[in-house]
Structure formats: structure tokens, C-alpha cells
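Quick notes on the structure that follows.
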Amino acid sequence: MNKKSIIKMSIMTIISASVGAVVAISLLKLSDSGAGSYVEDIQTFLLNHAIELHVLIIVSLLIPALFLYIKGKKVHVKLANASEEEMDAIEKLASKYFDLSVTLNGVFLTLNFMVFGTLYNQAGDQMPIIIALFMIGSVAVSSLEIAIVRFMQKNDSRLKGDPTSMKFEKDFLGSLDEAEQLKVYKAGYNSFKVTKLTALVFVILTILFNVTLETGAFPVFISCLFLLVNIWSFSYYGMKEN
Amino acid sequence: MPLINMLKVQRAKLGINQADLGKLAGVSRQTISLIERGDYNPSITLVLKLAEIFGVAVEEIFSYEEE
């Protein structure tokens, strides 16, 4: 390691330590100011409006996802009468709609689980309705994903894989051509980098929250486990390729 | 090192569109379009397949210009 690297690392360590100290002091001050009561107020509000919250995420995420899927299909139909010059633009637009639909669908799935998981067994009389909304949301998410895949396969006979099967990702990836696979690999690697950084931030935050606000060791454990899986899986698959 | 490709020219000589060429080569129409625009450099396998489809040598489709 040369002198320049040592100096750079030292500066980064000092900056990180300073930022950590500022965050910790802020959290302590927040804790002393009675911020815990605000958190309780928010939780009470969420519990009292659990059904409205579920409906809100369905209206703001699931329905737009469905709308974007329908819009993507309508755009895709135009390919039949398009010239070669127009095809690239049409396919790009249709692909954008489908990608956005899948993204919103994924965000809805996550929030659906989050709302259900955090409010489970605490919402009293509202629980049966919340369970029903959660189940309907889960079925809707899966149905929309299957519909998108089936539409793509209908328009491109190369694409294989049964979306209801455990082997779907492997079969689907195997049926893509080399340029499409490269796109997936690049996106996968970028996703790995973002996830690794996010997991590291979560580890630090959960430790700080535990120290200052006594949030417990479980969030720290889960964050570390997630980071471990992230790093290990990348190393494992990298070594497997060798 | 820029790759020069005559894929569009060869395709026009053969009189087929991107979608049909893609089907013959086992790739999507978008991939053929990416190659023609120079936004994607194909693998040696795909290059050899294309040469076989056109019935020409690889150098008549792809060549590179030394900087």
C-alpha cells in the first residue's frame, strides 16, 4: 500500500468517524427530547388507519402497475405496422412501460408485506379485513407478473420458462440471447454494489439506534446477516465460475 | 479499437429484415439492431453464424480500424 492510499484511507476514516459522531449525538438529543413519543403516535395512527393504508398502497402502486402493463401492451401492438426505423423506438417505449410496471409491482409487494407484518395482531377488529387485503394484494402481484411474462413469451417464442416454476429465473435467463444476458449481468452487478452499500449503512444505523434509542439487537443481527449473505453469495458464484 | 460492421449492407444484399435475420441467427431483432448501430459487439459464435447465413467471410461483415 503506498503513501497516497494510506493518507486517503486515514482521511476517509476521520470523516466517517465524524459523521458517525454527529449522527449518534443527534440521535441522543432526539431520544432526550422525547422523540419516542412521536414514534408511538405514528404507530397509533397507522394502527387506527391500517385499512386505509392498505388501500392507499393498492391505489398508488398496484393500480398504476396494472395501468402501465396495459399501456405497454397497447404500444407493443403498434410494432405490427411499424417500419424498421420505428421499431426501435416503439420497443424501447413498450419496454419502459413494462419495466416500470414490474418495478411498481415489486415495491407494492414489499410494502404489502411490510404493512401486514408490522400491524399484524395489533389492529384488533380490523385484522380480518387486513388479512383479506394482504391476500388479495399478494395474488394480484403474482398474477400481474405472470401476465407480463406470458405476454413477452407470446410475442417472442425464444423466451422460455414457466413463471410459476422454481426454475423460472434459470430457464428464462438461459433462453435470452447474448446481448440480453449481458444486460441482465450488468444490472445484477450494479444491484449487488448498491445492495452491499445499503446493507452496510443499515448495519451502522441499527447499531447507532440500538446504542442511543435502545431499539434492540435483532435489527443489528438481521442487517449483518443480510450483508453476510450479500457478500458470501457474490464470492461463491464468482469462485464457482473459476 | 472501433469495430466497423457491414451488417446492414450484407442484410440488404440478402433482402431480409432484422427480425428474420434475428430468427436465423437465434437472437432477438433488438440485438441485430444494436449490432448494426455499433452499440453491441457480438461474440465470435454469433459472428460466425452471421457469416454462415450471409455466405461470406467474417472480414466482409466485421473489421476493425487501428487507432
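A quick note: this is a predicted structure, and the numbers were derived from the prediction, not measured.
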Open item on the list: For A/Ala179 versus B/Thr31, what's the shortest heavy-atom pair and its separation?
Closed with: CB-OG1, 3.5 Å
TODO: Mind checking the OG-CD spacing from B/Ser28 to A/Glu91? Nearest 0.5 Å is all I need.
DONE: 7.5 Å
Open item on the list: How about CE on A/Met87, more than 12 heavy atoms from neighbouring residues, nucleotides or ligands closer than 6.0 Å, or not?
Closed with: yes
Open item on the list: If we define contacts as heavy-atom pairs under 4.5 Å, which of A/Asp88, A/Leu159, A/Leu176 has the most with chain B?
Closed with: A/Asp88
Open item on the list: Using a 3.5 Å distance criterion without hydrogens, assess whether the side chain of A/Glu84 forms a donor-acceptor pair with backbone atoms of B/Asn17.
Closed with: no
- [ ] Measure the NZ-CZ distance between B/Lys23 and A/Arg158 for me, rounded to the nearest 0.5 Å.
- [x] 11.0 Å
Open item on the list: Nearest 0.5 angstrom please: A/Lys183 NZ to B/Tyr40 OH, how far?
Closed with: 12.5 Å
Task: Proximal component of A/Glu178, with respect to chain B [non-hydrogen, under 4.5 Å] - done: both
